[in-house]
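These notes concern the structure reproduced below.
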2 protein chains.
Amino acid sequence: MLKLTKKADYGLMALKYLAEHPETPALSAKDVADAYGIPAQLLAKILQRLTKTGLLRSHAGMNGGYALARDARQISAYEVILAIDGPFFITSCTRGAKSCELTPSCTIKEPLARVNDTIAGVLKSISIHDLADREHGDAAAARDRQGLVTLTV
Amino acid sequence: MLKLTKKADYGLMALKYLAEHPETPALSAKDVADAYGIPAQLLAKILQRLTKTGLLRSHAGMNGGYALARDARQISAYEVILAIDGPFFITSCTRGAKSCELTPSCTIKEPLARVNDTIAGVLKSISIHDLADREHGDAAAARDRQGLVTLTV
DNA sequence: CTATATAGGACCGTTCAAGTCGTATATTTG
DNA sequence: CAAATATACGACTTGAACGGTCCTATATAG
Ligand code: SF4
Ligand code: SF4
C-alpha cells in the first residue's frame with residue numbers, strides 16, 4: 001500500500017545517474033543497469049517509456065543510449081512516476097473506468113482527493129537535480145516548495 | 001503504485017462514520033458495512049484490527065459493536081493506515097527484512113526516505129475529525145499543518 | 001437458551017508487480 | 001557489406017499481495 005513501484009524507483013535512479021554524467025553524450029541502458037545492479041532488460045523498457053513521454057532522448061546503434069531531454073532541474077519526480085506507472089491516484093475510485101463500486105455512497109473520497117493532490121504536489125516539487133545533488137538543503141528551494149505542499153484537507 | 005489499500009479506505013470510512021454518531025454507545029460492523037455497502041465480514045476484520053491497536057473499543061453480544069477509543073481529533077489517518085496495512089514505507093528497501101537487493105548501491109533511498117516522512121507527515125496531520133467535519137477549511141488548522149508538511153528533499 | 005456480535009483462522013480467485021525472452025530495427029565501425 | 005551494439009516492443013511467466021468469503025469459537029443481552 002502506498003508503495004512506490006520498483007520500476008519508478010529504477011527510473012528515478014537512472015535519471016539521476018544521467019544527470020550526474022552530463023559530459024557523456026549518451027549512456028546505454030546496460031551502462032546504467034550495471035552501475036546499480038538493475039536488471040538490464042527491465043531498465044531498458046523503463047527508459048524506452050521515459051523516452052516516449054519525452055523525458056529522455058534516445059539514440060540507437062553503437063555508442064548510442066539515452067540522455068536527458070531537459071535540464072535535470074526541469075524534470076520532476078512526479079513526471080517520472082507518471083510516465084512509468086501511469087496516472088497517479090492514491091484511491092481506487094479515481095482509477096478511470098474500473099472504479100470502486102461504492103463511489104456514490106463514499107464520503108471520504110473528496111478529502112482523500114485533496115490528500116492525493118498534496119502528495120502529488122510534494123512529488124512535483126522534487127526535481128531530478130534535487131536527487132542528484134547531495135548538497136541541496138537549499139533554504140530557498142525548501143521555501144518555494146512549501147507553498148505547493150500546503151494542505152487544507 | 002502509491003495506492004491506498006481498500007481496507008485502509010474502509011477503515012477510514014468506518015471511523016468517520018463512528019465519529020459522526022457519537023450519541024450511540026456502539027455500532028456493529030454490520031451497521032457500518034450496510035451504511036456504505038462494504039462487505040460486512042471484511043469490515044469486521046478491519047475493525048477488529050483497529051480494536052487490537054487501540055483505536056477502537058469493542059463490545060461483544062447483542063447491541064454490541066465498536067466505538068472510538070479516543071476523540072476523533074486525536075486519531076490520525078496515519079494511525080489508521082498503520083494499524084490496517086502495517087508499517088508505512090513508499091520504498092521497498094525499508095521493508096524490514098525483505099528489502100531490495102540493491103540497497104547498498106542505491107543512491108536515492110535517503111531522499112526518498114525524506115519524501116516518505118513528508119507523506120507520513122501529511123497523513124499524521126489529518127484526523128478522523130477532519131474527515132468527518134464537512135465544514136473544516138479551518139485556517140488555523142491548515143496553518144498548524146503546514147509546519148509538519150515542509151519538505152527539504 | 002437464543003439471537004446477536006466480536007474474534008480469528010483458513011482459504012480462494014484476481015490482479016499486478018517484477019522480470020524474462022524473443023524478435024525487429026537502427027547505427028556505428030571495420 | 002557485415003558484424004557488433006543498442007534501442008523498440010510485444011508476449012509471456014512467476015510470485016506476492018489484495019479483496020473477499022467461509023467457518024468456528026466465544027461473549028453477552030434479553
Ligand atoms: S469511492 Fe471511497 S471507498 Fe471507493 S476507492 Fe474512492 S475513496 Fe475508496
Ligand atoms: S534501495 Fe533504492 S532501489 Fe531499492 S527499494 Fe530502496 S530506494 Fe528503491
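Per chain, numbering begins at 1; letters A, B, ... match sequence-line order. Heavy atoms only: backbone and side chains are in, while hydrogens, waters and symmetry mates are out.
For residues 23-33 of chain A, proximity to DNA chain D is found at A/Ser28, A/Ala29, defined as any non-hydrogen atom under 4.0 angstrom from a strand atom.
Look at A/Tyr10 and you'll find a side-chain N or O under 4.0 angstrom from OP1 or OP2 of C/dG19.
Shortest non-hydrogen contact noted between A/Ile81 and A/Ala8 is CG1-CB, 4.2 Å. Taking every heavy atom of both residues into account, A/Ala33 and A/Pro39 meet most closely at CB-C, 4.4 Å. Shortest non-hydrogen contact noted between A/Ala72 and A/Ser127 is O-CB, 3.6 Å.
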Base versus backbone protein contacts along nucleotides 21-30 of chain D [heavy-atom cut-off under 4.0 Å; B, S, -]:
BBB---BBBS
Given A/Leu102 and B/Tyr10, is the side-chain contact (heavy atoms from CB on, under 4.5 Å) satisfied, shown in steps?
CA-CA 10 Å; A/Leu102 38 96; B/Tyr10 294 163; 4.2 Å; yes
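Side chain of B/Asp34 to backbone of B/Asp31: no donor-acceptor contact under 3.5 angstrom is found. Formation of a donor-acceptor pair under 3.5 Å by the B/Lys109 side chain with backbone atoms of B/Cys106 is found in this model. Within the 3.5 Å criterion, the main-chain N or O of B/Glu79 finds a donor-acceptor partner in the side chain of B/Ser76. A distance-only check finds a donor-acceptor pair linking the side chain of A/Asn116 to the backbone of A/Ile90 [under 3.5 Å].
In this structure, CG in A/Leu56 is found 4.5 Å from OG1 in A/Thr51, a value given to the nearest 0.5 Å.
Straight-line distance from the CE atom of A/Met1 to the C1' atom of C/dT15: 19 Å, rounded to whole Å. The nearest whole Å value for the distance from the CD1 atom in A/Ile38 to the P atom in C/dG19 is 9 Å. Remark: P of D/dC18 and CG of A/Leu2 are 12 Å apart, rounded to the nearest angstrom. Taking atom CD1 on A/Ile84 and atom P on C/dA17, their separation rounds to 12 Å, with Å as the unit. Following rounding to the nearest Å, A/Arg57 (CZ) and D/dA8 (C1') show an atom-to-atom distance of 18 Å. If you measure from atom CD of A/Glu101 to atom P of D/dG19, you get 14 Å, rounded to the nearest angstrom. Going from atom CG of A/Asp85 over to atom P of C/dA17 covers 7 Å, rounded to whole Å. For the pair A/Lys6 NZ and C/dC16 C1', the interatomic distance rounds to 15 Å; values are reported in whole Å.
Summarising the local packing, CZ of B/Arg57 is surrounded by 12 or fewer heavy atoms from other residues, nucleotides or ligands at distances under 6.0 Å.
Using five terminal pairs a side, the axes of the helix from C/dC1-D/dG30 to C/dG30-D/dC1 at its two ends make an angle of 10°, given in steps of 10 degrees.
Salt-bridge annotation for B/Glu20 and B/Lys16: present, with a side-chain N of the basic residue lying under 4.0 Å from a carboxylate O of the acidic one.
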